[in-house]
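Following: one structure in structure tokens, then a few remarks.
In what follows, every chain begins at residue 1, and chains take the letters A, B, ... in the order their sequences are listed.
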Amino acid sequence: MNHRTDSYFPAEVERKWQARWDEEGTNTYTDAELRSTGGNGEPFFNLMMFPYPSAEGLHVGNIYAFTGADIYGRYQRLRGRDVFEPIGFDAFGIHSENFALKVGTHPMELIPRNVERFTRQLRRVGFMYDWNHQVDTTTPDYYRWTQWLFLQLYKAGIAVKKEAPVNWCPGCNTVLANEQVIAGECERCGSAVELRNLSQWFFRITDYAERLLANLDWLDWSDTTKRMQANWIGRSDGAEVSFPVVGHGESSVRVFTTRPDTLFGATYMVLAPEHPLVETIAAPAHADAVERYRAAVAATDLVNRKKTDKEKTGVDTGARALNPATGEEIPIWIADYVLMEYGTGAIMAVPAHDQRDFEFARKFELPIRRVIAGADDAPDTPLDEAYSGEGTLVNSGRFDGMDSEEAKREVTATLEERGLASVKVNYRLHDWCISRQRYWGPPIPILYCDSCGALPVPEEQLPVILPRIADYKPDASGVSPLARHSEWYLTECPGCGEEARRETDVSDTFLDSSWYFLRYPSAGNEELPFDPQLTRQWLPVDMYIGGNEHAVLHLLYSRFITMVLKDLGHIDFEEPFARFRAHGLIVKDGTKMSKSRGNVVVPDEYIEEYGADTFRTYLMFIGPYQEGGDFREAGITGPYNFLNRLWDAVLSAEERPLDAEVEQKLHATIKKCTEDLEALSYNTAIAAMMEYLNVVRAGGRVPELAAVEPFVVMVAPFAPHLAEELWERLGRSGSIFDAAEWPSFDPAKAIADEVEFVVQVNGKLRARMPMARGITEQDARTAALDDPNVQRFIEGKPVRKTIFVPDRLVNLVVG
RNA sequence: GCCCGGGUGGUGAAACCGGUAGACACAUCGGACUUAAAAUCCGAAGGCGCGAGCCGUGCGGGUUCGAAUCCCGCCCCGGGCACCA
């Protein structure tokens, strides 16, 4: 690799400043300072998603995410804010545990080692972290409060244990939250997830669905992230309708539909095979077939159950229901395309207007009746596929001729009067299953006593310490490895003093990360999870930057937990992150970096070779931060040369009045950089600085001191070490981040006096000419008509029309 | 299937609100310096054409004096959701 060796030695400069930051506490607050918010400005909580400390060490994706966030934090600090920028480690969970099992090292040894290595790497990149306030979710000092949090939810009735169909991963031997199942597969190991009826701990996040959705309207978050959350919550507006079961007295099948306007077209019904009503209503002659089908469905995993391209299956129960609109008797079937988890677990089938029902009806020769006519089709033509759009009602009695939208309301209202329907909203969101039959997590702080039942562990007994056990490998038994250790789980009942058993499940990792931002300012506090005064001062988080892979998981759970804590009176805000920006993904050769593809970039070598400042600047220069980019080895020399040239320019600068052209460019660059940093548009900010440097050094000229001094401040968020060193060599004292102010610009000076004017004839470029800024249309037109090339294209024809864009162009329309 | 984001030179990319397409870089080529190389500095460069010029932002239409940008219809890539009733 080729090197400059003359003057700038990044590794040396960077080590010097990293050591000095530590010695002088440049980036850290003492607890007292944090409490007084520094005193020279407003607090700014700059948060980034804390990493999972993998054994492979910090990867480029981490550095990319953190650099973009760190630049924003350093920029805010230069603008005078008191910036709190903490970091921590999200080290519990299946990921760590699986790796520990694979290498045969106990997680209690593995994790501290990984954390140590991550810490070393993070320091080397020069992030502005407050190392006095870090958190590690696996320390008893932290998970004590995670358990406390569980108890608050338990006491409020939000954490409940219930039997329900849950996602069981046969690879990881544990249940999973819905959010952790991707297309029927475990997000960790890719195994096909099975549905099992198990008693598990749930958080009732569905009670918060509407608030979680509604607040998205005003949150200042990336649109992509908000959209993903909204889709995940998945609100559907419709009606719940009762279909009386023929010959079963009062019993009826309740269905949820978003299309009550199609009710007249409901020619049969389908229950989920698991539906409890099946047993009571199935006709004796059909009972055997029904039982066989139910057993077959119970044996299928989620991947196969939820495949949309397979042929529909189902059986007739022999029971019949009354369509409340037509009064007709319609058959009740069971089929696995109807899911027990959504709505009521039963549907009214309208084959003419729902593709799934259409396919089912075709296969089993059930009647298809059109009740909606589209804008321009004849309602009598037979259908090749369901018409699922809206339209005008037909074959619908007194509703004929009404349009869908009105009919939805009218049909529902009519049935409502008869007590057969009600307006209903459904959400795709499920309750959050938080128990895991694994080892590496905080034990759920619940006790079971034969006489007193389930009891919370008294708060003063927290933390319930996770014991060190050797046989922490999970099995298919459905219970945690902790259940093999009676010496741990047998304890005294706080109610009656008799023997009680501890809950042996641990909680989901996402519970650890759902509140870590609240802990940061209070890290180390042994009395409280989060100090009320510090929380008021520093929260909610001012800026949160992270990846969209957590749009539904961490970000949703954090919002939920924050709402709960507000409702329980622990905090006074309900949204944890005032601003959130999602960064893009850094890829290599157009594909995601992964070990299996063999295209993982190891950052350490680049940092040693070129320095952290270069690496940071390079990553930000690759492409738009919020879109990501393609890592190319060769590209790093651009930013490397830039920083070297900047170094030379600053150190060779002399005291002398600013050249007018340089001054204009300086103001324009400050303006551009300021706007771009606000918008996280780092790649264009760097390009603007490069352009400015090209002007400052044009033709090998000696730069003016006044041209380079503000430059050092502008580059500081990107290349903090270099900036500190240059600041010192310019004879300034103190850290640039404390002593310097972000440069300001004069809008009048940011624009040039002379502009290059474009002359078009019939919209085609025919001439360019320098003109004074602010030139009038008349003068511009006269100058344009004077140009020989313009005349040539006008060919003596009359100018029919002139388009004038001030300071930009004249377009002469002829012919 | 539905909902997003994207498609611009050899490459990464830029382009405010519809107004010079390709800024800034990488790689390339040429030059200076050097015994030589590296480093550094200066310069060239979308394609076609000797040239005036013509063509050019995934494809096909449209609106407009003027379209990478707006509208309609497609294709491809990436992401999210998905028998969600």
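- Per the geometry, CG belonging to A/D223 stands 11 Å off P belonging to B/G6, to the nearest Å.
- Atom OH in A/Y625 sits about 21 Å away from atom P in B/G5, given to the nearest Å.
- Look at the C1' atom in both B/G9 and B/G62: the space between them is 28 Å, to the nearest Å.
- The 5' end of RNA chain B is approached more closely, in terms of each residue's nearest nucleotide, by A/P624 than by the other of A/P624 and A/F793.
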Original post:
How does protein contact run along nucleotides 16-25 of chain B, one letter per nucleotide 5' to 3', with B for base contact, S for sugar-phosphate only, - for none, heavy atoms under 4.0 Å?
Top reply: B--BB--BBS
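- Side-chain contact, A/N548 with A/T224: a donor N or O sits under 3.5 Å from an acceptor N or O.
- Donor-acceptor pairing under 3.5 Å is lacking for the side chains of A/R254 and A/T344.
- When the C1' atom is compared between B/A21 and B/C84, the two are found 46 Å apart, to the nearest whole Å.
- In this structure, A/R227 places its CZ atom 14 Å from C1' of B/G6, rounding to the nearest Å.
- Using N1 to N3 plus N6-O4 or O6-N4 for Watson-Crick, or N1-O2 and O6-N3 for G-U wobble, each under 3.5 Å, B/U57 pairs with nothing.
- Straight-line distance between the P atoms of B/A13 and B/G1: roughly 29 Å, to the nearest whole Å.
- Within the shown strands, B/G12 is the pairing partner of B/C24 under the Watson-Crick or G-U definition, both distances less than 3.5 Å.
- For A/Y640 and B/A27, the OH to P distance is 13 Å, given to the nearest whole Å.
- A donor-acceptor pair shorter than 3.5 Å cannot be found between the side chains of A/E359 and A/Y337.
- A distance below 6.0 Å separates the ring centres of A/W333 and A/F360.
- When the P atom of B/U40 is taken as reference, atom CZ of A/R697 falls 10 Å away, rounded to whole Å.
- The shortest distance between the side-chain N/O atoms of A/N644 and the OP1/OP2 oxygens of B/U40 is not below 4.0 Å.
- Judged by a 6.0 Å distance limit and a 45° cone about the ring axis, A/R559 is not positioned over the six-membered ring of A/W232.
- Rounded to whole Å, the separation between the P atoms of B/C83 and B/C76 comes to 24 Å.
- In this structure, the side chain of A/R616 engages the main chain of A/P717 through a donor-acceptor pair within 3.5 Å.
- In this structure a side-chain-to-backbone donor-acceptor pair under 3.5 Å is missing from A/K424 to A/F256.
- Annotation: A/F631 is in aromatic contact with A/Y606 [ring centroid separation under 6.0 Å].
- A distance-only check finds no donor-acceptor pair linking the side chain of A/Y268 to the backbone of A/P367 [under 3.5 Å].
- Across all strands shown, B/U35 remains unpaired; no Watson-Crick or G-U wobble contact has both distances below 3.5 Å.
- Counting to the nearest Å, the C1' atom of B/G79 and the CD atom of A/E549 are 12 Å from each other.
- If you check every strand for non-hydrogen atoms under 4.0 Å, A/R235 touches nothing.
- Of all nucleotides present, only B/G80 satisfies the Watson-Crick or G-U wobble test against B/C2, with each distance under 3.5 Å.
- Distances shown here put every side-chain N or O of A/R766 at or beyond 4.0 Å from the OP1 or OP2 atom of B/A52.
- Here B/C4 is in the anti range [glycosidic angle more than 90° from 0].
- A/N762 has its CG atom 10 Å from the C1' atom of B/G66, to the nearest Å.
- Residues A/T206 and A/D431 bring a donor and an acceptor atom of their side chains to less than 3.5 Å of each other.
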Show the distances under 3.5 angstrom between N or O atoms of the protein and N or O atoms of nucleotides 80-85 of chain B.
from  : atom 1 : to     : atom 2 : distance (Å)
B/C81 : O3'    : A/R428 : NH1    : 2.9
B/A82 : OP1    : A/R428 : NH1    : 2.5
B/C83 : O3'    : A/R356 : NH1    : 2.7
B/C83 : O2'    : A/Y337 : O      : 2.6
B/C83 : O2     : A/K312 : NZ     : 2.7
B/C83 : N3     : A/K312 : NZ     : 2.9
B/C84 : OP1    : A/R356 : NH1    : 2.2
B/C84 : O5'    : A/R356 : NH1    : 3.2
B/C84 : N4     : A/K306 : NZ     : 3.1
B/A85 : OP2    : A/S236 : OG     : 3.1
B/A85 : OP2    : A/Y342 : OH     : 2.8
B/A85 : O3'    : A/T257 : OG1    : 3.4
B/A85 : O3'    : A/T258 : N      : 2.5
B/A85 : O3'    : A/T258 : OG1    : 3.3
B/A85 : N6     : A/L339 : N      : 3.4
B/A85 : N6     : A/L339 : O      : 2.6
B/A85 : N6     : A/Y342 : O      : 3.1
B/A85 : N1     : A/L339 : N      : 3.1

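- Across the strands present, B/C70 finds its partner in B/G62; the criterion is a Watson-Crick or G-U wobble pair with both atom distances under 3.5 angstrom.
- The gap from the C1' atom of B/G51 to that of B/A39 amounts to 41 Å, rounded to the nearest Å.
- With B/C55, B/G53, B/C3 as the choices, the nucleotide that has an atom nearest any side-chain atom of A/K764 turns out to be B/C55.
- Using C1' as the reference atom, B/A82 and B/C3 are 11 Å apart when rounded to the nearest Å.
- Classified by its glycosidic torsion, B/G9 falls in the syn category, the angle being within 90° of 0.
- For the side chain to side chain contact (heavy atoms under 4.5 Å, CB included) with A/I71, the qualifying choice from A/L680, A/I545, A/L677 is A/L677, the only one to do so.
- The gap from the P atom of B/G22 to that of B/A68 amounts to 12 Å, rounded to the nearest Å.
- Spacing between B/U63 and B/G18 at atom C1', rounded to whole Å, works out to 11 Å.
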